[in-house]
Each structure stands twice: as C-alpha cells, then as structure tokens.
Amino acid sequence: MAQEIIHLAERVLQVPPSPTLAVNAKAKALKAAGEDILNFSVGEPDFDTPEHVREAGKKAIDDGHTRYTAVPGIPELREAVCMRFKEDHDWDYHPDQIQVCCGGKQGLYNIFQAMLNPGDEVLIPAPYWVSYPPIVQLAGGVPVEVPLDEAMNFDLNPNTLAAKVTSKTKAIFLNSPSNPAGSIFSATALEAVAKMALERGWLVVTDDIYETITYLDGKLPHILDVEPRLKTQTVVLNGVSKSFAMTGWRIGYCAGPAHLIKAMNKIQSQSTSNPCTPAQYAALAALIGPQDFPGIMKQAFLPRRDFFVQDLESIEGVSCVNPSGAFYVFPNFSAYYGKSFKGKVIKDSVAMADYFLDEAKVASVPGAAFGADAFVRFSFATSMEVIQEGMTRIKQALAALAG
Ligand SMILES: *Cc1c(COP(=O)(O)O)cnc(C)c1O
C-alpha cells in the first residue's frame, strides 16, 4: 500500500474504531451473497412515516420551501416544539431556547462543542448509546463511564455515580427510556442526580428521544419534574426520528438556557446551517397534528417485547431485563462466554454476535458497543414472525456450544 501523505487529527485518532463495524460489514456481505439473514441490528421503527407528515413534506417542496431558513429552524417549528413541551410536560420554553438540528445526534454534538473545554469530564451511565463517548471526545472532553447494574434493572445507583465525580466533572448524560436496554431511571435516582448537579453546577443532558414509546402504566419520571430548579442547567434533547418514524428526515430539537442555545446556533451556523427545509415542515405537521402515532407503534411493539423477553429468559443461563420503553432487548449471555464452537472460543460480546451471525444467520449488536460486554442488543422493530424464527435459531446456536 502506498504511504499515506495526509496525517489525521489527534481528535479523530483517539476515537476508537466501532466494535459493530466488523459485524455489520459481515452481515451485509452475507446478505449480498444471498444468505437468509434475520436482521435485529437496526435502530429505527419498522413503520413508515405517517401519511399526513409525508404529505406536508411534499407540499413544502411544491410551495417553494426549498431555500435556507433561520439557522435554529423556522419560527413556526420552534413554537410548535414549545407547545409540545407545554402540553406534554407543562414546561415553559421560549422559541429562543429552542434549536432545531439535523437529527437529535447533531443536537448532542452541538451541546458539547459549545460547552466543553479540553479535559472536562462528562458522566455517562453505561450501557449507553454508542455515540455519547465519541461526541464528548470530539469536543475535547473525557467520557467517564458510570456502570449501571442489571440486577437493579439498570437504574442509576447514586453511590456508584458519586464515586466517579471529580473537580473536572462538567456534565452528565441521562437517557430514559434508554438505548440499548429500554431501561428507565427512577424518580429516586433522578433526585440524587439533581441534588449533585445543583450543588456542583453540572449541565444535565437528558436524551428523551424514546419518551413516547414506554410500556409503563404510570408517568415516566423526568429530572425536570423531580427538580424544576434544574431547568437553567439542563438541555432536553428530543426529536421526531423515533416518535414519528422519521429517522431519515433528520430533524431533532434541543431546549435549554438561551445563552447555551445561542452558542450551539453559532456551531450549527458554521457547520450545517439550518436543518433540511422541507423536513422542518414535515416535522411541524408531526408536532401540531394528531399525537396517536407512537401509541399505534407501541401496540405492535408490546406483544413482540413480551414474547422476546419471555423466550430469552427461558434459556438456561440467560437473563433479560424487561424493557420499560424503546424497542430493544438487551439479554446477558455472559454465562456462555468461554464456551466454544468447533474449537473456537466465544470470549466476549463481539465474538457472541459474530457467532450468532455465522451459525444462526441472525444479525445483532454486541454489548461492547454500548459499554456493556456481557450483553447483546436485539431490536424488536421487526415482525413477530422474524422474532420467533430468530429465537429458534438463537436457541439452537447456544445449544451447539460446548465447554
Ligand atoms: C435514535 C437516537 C437518537 C436520535 O437520533 P437522530 O436520528 O439523530 O434523531 C438519540 N438518542 C438515542 C439514544 C437514539 O437511540
């Protein structure tokens, strides 16, 4: 291979390669070769965007909404975001406190670019969404993992959290319901976080992208309801990607203190400018229109979740926390680590996912990608038939392991 002349930036080199890349590439190659691969690795609803939202997107194009808009989004959309927060939570936000971004992910990126200095630490409860640590690293910060315990249903333990706090701690991530475990944080845990954040002046970043997809009877606990005084040091992240099956439209939004939002707008103005204009009009239709769509998806997800969890739990040595939200199960397969197939030892979650792909023709995501190597993530945003067939194959593959 020719020598590479261009050297890469330190900040890129320090981001570790994704543990999912190899498994993903192999799944694609097998599929392309005509193998019957069952795909449980996707992180998006298996629903089409609702029709009235698609129509609004098409109409926006025909109406000539095809030019630049204000960097933080069209005023109507920021007002609609404020209206949703008021109706859904009774939170008061002004449009100046709202940034519409190119998907929730860009919102997170903007937050940390706007408020971290080199060496600043950010607390990240683990298992976490894959993008959190690299987003912190690319902003010069240091991700600090706070391990969550499966035996506590991945709720946050205030003592574990306190042990990770230093004088450099500047922010904490909350994600409830979570990706990858569908777990939620209890009001008690959130109270403890709120107390520490208030005392120490941390920024709280609460990623609420799955808030409309919960299987709880009661209300989902939220840190701003637990401690309203935290509003001046909290950014709420949400968007239409999951709630309205709009992952490809790339519209998310952030609500937070006006000076921070303004700084985030500066970053956005010099990187992407405004989010896609017709997509903003589609998102507007989603937020001001009927709100029954997440409930329709939930009705489809619920029996799939119940079957998946029960069938996983029925396997010797496997445990699986019942997800309270989102559309993922996150079973613990570590009892099988150390076993082998045809002399090849399954040593970790990457090897486990690789084995499921090779032997069961089932694509999943290794827990290592989420900072929790005992586990493997499966999405149930797929049909019941696929889940049933997948479970049959997984059980056969596990039974074939020796040692
Ligand atoms: C999907 C997802 C997001 C947002 O994704 P976008 O497609 O960028 O809107 C944010 N957080 C978590 C945990 C997610 O799973």
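For ligands, and for the atoms within them, numbers begin at 1 and follow the listed sequence. The figures that follow rest on heavy atoms only: side chains count, while hydrogens, waters and symmetry mates do not.
The closest protein non-hydrogen atom to atom 1 (C) of ligand 1 is K242 NZ, 1.3 Å. Of the protein's heavy atoms, I209 CD1, 3.8 Å lies nearest to atom 4 (C) of ligand 1.
Ligand 1 places these atoms under 4.0 Å from at least one heavy atom of G103: 8 (O), 9 (O). Close approach to S241 involves these atoms of ligand 1, each under 4.0 Å from a residue heavy atom: 6 (P), 7 (O), 9 (O). The ligand atoms of ligand 1 that sit less than 4.0 angstrom from a heavy atom of N179 are 13 (C), 15 (O).
By the 3.5 Å distance cut-off applied to N or O atoms, Y328 is not counted among the residues near ligand 1. The shortest N/O to N/O separation between G104 and ligand 1 falls below 3.5 Å. Backbone and side-chain nitrogen or oxygen atoms of Y210 are examined, and one is located within less than 3.5 angstrom of a nitrogen or oxygen of ligand 1. When only interatomic distances are considered, the shortest N/O to N/O separation between R250 and ligand 1 falls below 3.5 Å.
Contact annotation: Q106 has no heavy atom less than 4.0 Å from any atom of ligand 1.
Relative ring orientation between F301 and F380 is described as perpendicular, the plane-to-plane angle rising above 60° on a 0-90° scale split at 30° and 60°. Ring geometry for H89 against W91 counts as parallel: the plane angle stays under 30°, on a 0 to 90° scale with 60° as the upper cut.
Looking only at atom types and distance, the side chain of T382 has no donor-acceptor partner in the side chain of D46 under 3.5 Å away. With hydrogens and angles left out, the side-chain atoms of Y355 and Y336 include no donor and acceptor closer than 3.5 Å. A donor-acceptor contact under 3.5 angstrom links the side chains of Y132 and D207, judged on distance only.
Compare D207, N175, L108 by their heavy atoms: the one nearest to atom 10 (C) of ligand 1 is in D207.
Here the closest heavy-atom approach between residue T169 and residue K164 is recorded as OG1-O, 4.2 Å.
Atom CD1 in I267 sits 11.0 Å away from atom OG1 in T272 (nearest 0.5 Å).
In this structure, K231 is positioned above the aromatic face of Y93, its NZ or CZ under 6.0 Å from the six-membered ring centre and within 45° of the axis.
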